[in-house]
Amino acid sequence: AAGAARGAALQESLLIAGSSFNMKRCRLITKPTAGKSSIVKGPVLYWMSRDQRVQDNWGLVYSQELANKHGVPLLVAFTLVPKFLDATWRQYSFMMSGLQEVEKELLKLKIPFHLLLGKAQSCLPSFIAKESVSVVVCDFSPLRVPLGWVKETGAELDKIKVPLVQVDAHNIVPVWLASDKQEYAARTIRNKIHKFLPEFLTEFPPVTVHTHNSKLTMKSTNWIKARESLEVDMTVSEVSWATPGTNAGLKVLDDFCTKRLKFFAAQRNDPNKDSLSNLSPWYHFGQVGVQRAILKVKSYSSKHSESVSAYIEEAVVRRELADNFCYYNPHYDSISGAAQWAQDTLKAHKKDKREYIYTQEQFESSSTHDPLWNAAQLQMVQEGKMHGFLRMYWAKKILEWTSSPEEGLRIAIYLNDKYEIDGRDPNGYVGCMWSICGIHDQGWAERSVFGKIRYMNYQGCKRKFDVGQFERKYNKK
Ligand code: FO1
């Protein structure tokens, strides 16, 4: 179905011409329905999911331009599910605070925001009928659950002949355009992405007051009721360092550019240094668009060229490689999604004696023998964000200290999804899969348990940074 939809020509009524919006960001999810849908009389609905921001959002830019072309109203809806993977209150509260800001910002633009409770396929069709919506625009995530929402909603919309158009509003280069297959590694996707950057790394037109909305009533959301609808673990609490929402995220971006970017190239692998962007929580929920961040970071090219290149490599090439992997590999979160050489080598070493074996509870409570591992785990539990360098070490040790690679991967993903604000993201799955089953990596010297999967150890960390300083910071709390 995805293959058929990919590159499908959009009918005339869905095209935007003479604008800075590039139609290659769009594809039609529903069947090309001739006749009826060529006349757009009712509102355009932007169904927001992964990209939870008003400005710098190609999904909303397209929706508004489409609504203006036909002279019709514009609505925004978010469908809130009571649970999502292993997300807890920590992540839901971050998301819902950001959405409250979205609602306020939309209100100023006279665009009504509707929070619907439940899965899209169950609550959107009746909403669409009630509001006489003519066209639905959605954003894109390569993960199984949101792909399912889009697919099933598309099937419902086919029945009532309302077109569903998808915009990749998260990646700078739409995932289906960057490559049409699963890429082996950063080196195989890098040029493809860079080749497209001049075309797609462009300034966003603003989303403005919607003049065709004058007859609509603006009702405010009952956020208390929304919170009550959740069925998530409320014991994992919010973190204090990360203020949710686009405004706070843009402030973090500003601070990164003016204070930390200059150190990024040299110090990004030192967990004791504050030189990362720290933007991944805002990126994950789409509260800040990566494209906005790259446009801004690039303006520092002449001052800090090495850091700017290093950041583009991580935030664009690696991030879009993660979307590529999850999109083209349905087993993106299991050992069977690894390359054959990696599956073979892990299998050959499955019975190797493990020096330590820990349970999920022991990992979760930072109770291993390794003070660095425990400190990294505590950083994640307390702050909702583990330093990028330690995420690799942390996951590789889980492989080393569990009875099988399957069990190791399961525990790593469980902890990542439960505690990281930016968990449940293609980046998170790819991080665990890189560490535990070598995706996007190559084979290394064979050794016990790991086989040919790249090994990392405590001594190596000691050579890279002051391990003691990091351990003292977290283990004392
Ligand atoms: N997207 C939605 O459309 N509705 C939700 O209720 C929802 C909850 C949610 C909770 C945690 C989380 O990390 C993401 C959540 N998302 C939700 C967003 C979205 O599905 C994900 O960000 C992407 O799938 C990641 O690619």
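Below, all heavy atoms of this structure are taken into account, side chains as well, without hydrogens, waters or symmetry copies. Please read all numbers here as calculations on a predicted model, not as lab measurements.
The distance from the CG atom of Asp425 to the CD atom of Gln91 is 11.5 Å, given to the nearest 0.5 Å. Taken from SG in Cys461 to CH2 in Trp373, the straight-line distance is 13.5 Å, to the nearest 0.5 Å. Taking CE of Met433 as the start and CG of Leu409 as the end, the distance is 6.0 Å to the nearest 0.5 Å.
Partners of Lys296 by side chain to side chain contact (heavy atoms under 4.5 Å, CB included), not counting sequence neighbours, listed by chain and number: Leu253, Asp254, Cys257. Every residue meeting the side-chain hydrogen bond (donor to acceptor under 3.5 Å, both in side chains) condition with Arg190, not counting sequence neighbours, appears here in chain and number order: Glu313. In this structure Asp51 satisfies the side-chain hydrogen bond (donor to acceptor under 3.5 Å, both in side chains) test together with Arg53, His170, sequence neighbours excluded. By the ring pair (Phe, Tyr, Trp, His ring centres under 6.0 Å) test, Trp241 pairs with Trp282, sequence neighbours left out. Partners of Phe450 according to the ring pair (Phe, Tyr, Trp, His ring centres under 6.0 Å) rule, which considers only residues two or more places apart in sequence or in another chain, are Tyr455. Thr235 pairs by the side-chain hydrogen bond (donor to acceptor under 3.5 Å, both in side chains) definition with Asp233, not counting sequence neighbours. Under the ring pair (Phe, Tyr, Trp, His ring centres under 6.0 Å) criterion, Tyr414 pairs with no residue at all, not counting sequence neighbours. For Phe140, the ring pair (Phe, Tyr, Trp, His ring centres under 6.0 Å) partners two or more places apart in sequence, or in a different chain, are Trp176, Tyr327. With sequence neighbours excluded, the residues satisfying side-chain hydrogen bond (donor to acceptor under 3.5 Å, both in side chains) with Tyr311 are Ser277, Tyr283.
Minimum heavy-atom separation, Trp341 to Asp441: CZ2-O, 3.8 Å. Closest approach of Ala226 and Leu115 over heavy atoms only: CB-CD2, 3.5 Å. Taking all atoms of both residues into account, the shortest heavy-atom contact from Tyr46 to Ser63 is CB-OG, 3.5 Å. Between Pro163 and Leu14, the shortest heavy-atom contact is CB-CD1, 4.1 Å.
Under the 4.5 Å side-chain criterion, counting only non-hydrogen atoms from C-beta, Leu321 is not in contact with Val430. No side-chain heavy atom of Tyr184 sits under 4.5 Å from any side-chain heavy atom of Gln442. Looking only at side-chain heavy atoms (C-beta outward), Asn272 and Asp270 come within less than 4.5 Å of each other. Here the side chains of Val236 and Trp89 are not in contact, with every heavy-atom distance at 4.5 Å or above. Side-chain contact between Tyr458 and Pro371: present, with at least one pair of heavy atoms (C-beta onward) separated by less than 4.5 Å. Taking 4.5 Å as the limit, every side-chain heavy atom of Ser20 sits out of range of all side-chain heavy atoms of Glu203. By the 4.5 Å heavy-atom criterion applied to side chains, Val165 and Ile29 are not counted as neighbours.
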Given salt bridge (Lys or Arg N to Asp or Glu O under 4.0 Å), test Glu156 with Lys151 step by step and report yes or no. CA-CA 9 Å; Glu156 291 300 316; Lys151 192 173 170 216; over 6 Å; no
Please test Arg260 against Gln267 for side-chain hydrogen bond (donor to acceptor under 3.5 Å, both in side chains), starting from the C-alpha separation and ending with a verdict. CA-CA 10 Å; Arg260 302 190 293 279; Gln267 299 184 348; over 6 Å; no
Should Ser365 and Gln362 be marked as a side-chain hydrogen bond (donor to acceptor under 3.5 Å, both in side chains) after you check the CA-CA gap, both sets of side-chain angles, and the distance that decides it? CA-CA 5 Å; Ser365 58; Gln362 286 170 310; over 6 Å; no
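For residues 461-471, there are no salt bridge (charged side-chain N to carboxylate O under 4.0 Å, His left out) pairs, not counting sequence neighbours. Each ring pair (Phe, Tyr, Trp, His ring centres under 6.0 Å) pair with one or both residues in residues 415-438, not counting sequence neighbours, appears once here: Tyr332-Tyr429.
Aromatic ring pairs are classed by plane angle as parallel below 30°, tilted from 30° to 60° and perpendicular above 60°; the pair Phe470 and Tyr474 is tilted. By the 30° and 60° cut-offs, the orientation of the rings of Phe389 relative to Phe465 is perpendicular.
A centroid separation of less than 6.0 Å is found between the aromatic rings of Trp149 and Phe84.
By the 4.0 Å N-to-carboxylate-O rule, Arg319 lies too far from Asp323 to be salt-bridged with it. Note on Lys418 versus Asp86: no salt bridge recorded, every NZ/NE/NH1/NH2 to OD/OE distance being 4.0 Å or above. Using a 4.0 Å cut-off between a side-chain N of Lys or Arg and a carboxylate O of Asp or Glu, Arg90 and Glu238 do not qualify as a salt bridge. Ion pairing of Lys192 with Glu320 is absent here, as no side-chain N (NZ or NE/NH1/NH2) approaches a carboxylate O to less than 4.0 Å. Using a 4.0 Å cut-off between a side-chain N of Lys or Arg and a carboxylate O of Asp or Glu, Glu314 and Arg268 qualify as a salt bridge.
Side chain of Gln166 to backbone of Cys138: no donor-acceptor contact under 3.5 angstrom is found. Put simply, the side chain of Gln379 gets close to the backbone of His387: a donor and an acceptor are under 3.5 Å apart.
Thr368 and Asn374 form a side-chain donor-acceptor contact under 3.5 Å, judged by distance and modelled atom types alone. Between the side chains of Ser403 and Glu407, not a single donor N or O lies within less than 3.5 Å of an accepting N or O. Side-chain contact check for His349 and Asp352: at least one donor-acceptor pair (N or O, by modelled atom type) lies under 3.5 Å. Side-chain N/O atoms of Gln182 and Asn329 include a donor and acceptor closer than 3.5 Å. Checking Trp58 against Gln291 by side-chain atom types alone, a donor-acceptor pair falls below 3.5 Å. If you check the side chains of Thr246 and Gln287, you find no donor sitting under 3.5 Å from an acceptor.
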Under 3.5 Å, sequence neighbours excluded: what are the donor-acceptor pairs made by side chains of residues 391-398?
{"unit_1": "Arg391", "atom_1": "NE", "unit_2": "Met386", "atom_2": "O", "d": "3.0"}
{"unit_1": "Arg391", "atom_1": "NH1", "unit_2": "Asp422", "atom_2": "OD1", "d": "3.3"}
{"unit_1": "Arg391", "atom_1": "NH1", "unit_2": "Asp422", "atom_2": "OD2", "d": "3.4"}
{"unit_1": "Arg391", "atom_1": "NH2", "unit_2": "Met386", "atom_2": "O", "d": "3.4"}
{"unit_1": "Arg391", "atom_1": "NH2", "unit_2": "Glu420", "atom_2": "OE1", "d": "3.2"}
{"unit_1": "Arg391", "atom_1": "NH2", "unit_2": "Asp422", "atom_2": "OD1", "d": "3.4"}
{"unit_1": "Arg391", "atom_1": "NH2", "unit_2": "Asp422", "atom_2": "OD2", "d": "3.1"}
{"unit_1": "Tyr393", "atom_1": "OH", "unit_2": "Asp370", "atom_2": "OD2", "d": "2.4"}
{"unit_1": "Trp394", "atom_1": "NE1", "unit_2": "Gln377", "atom_2": "OE1", "d": "3.1"}
{"unit_1": "Lys396", "atom_1": "NZ", "unit_2": "Ser435", "atom_2": "O", "d": "2.8"}
{"unit_1": "Lys396", "atom_1": "NZ", "unit_2": "Arg454", "atom_2": "O", "d": "2.6"}
{"unit_1": "Lys397", "atom_1": "NZ", "unit_2": "Glu400", "atom_2": "OE1", "d": "2.8"}
{"unit_1": "Lys397", "atom_1": "NZ", "unit_2": "Met456", "atom_2": "O", "d": "2.9"}

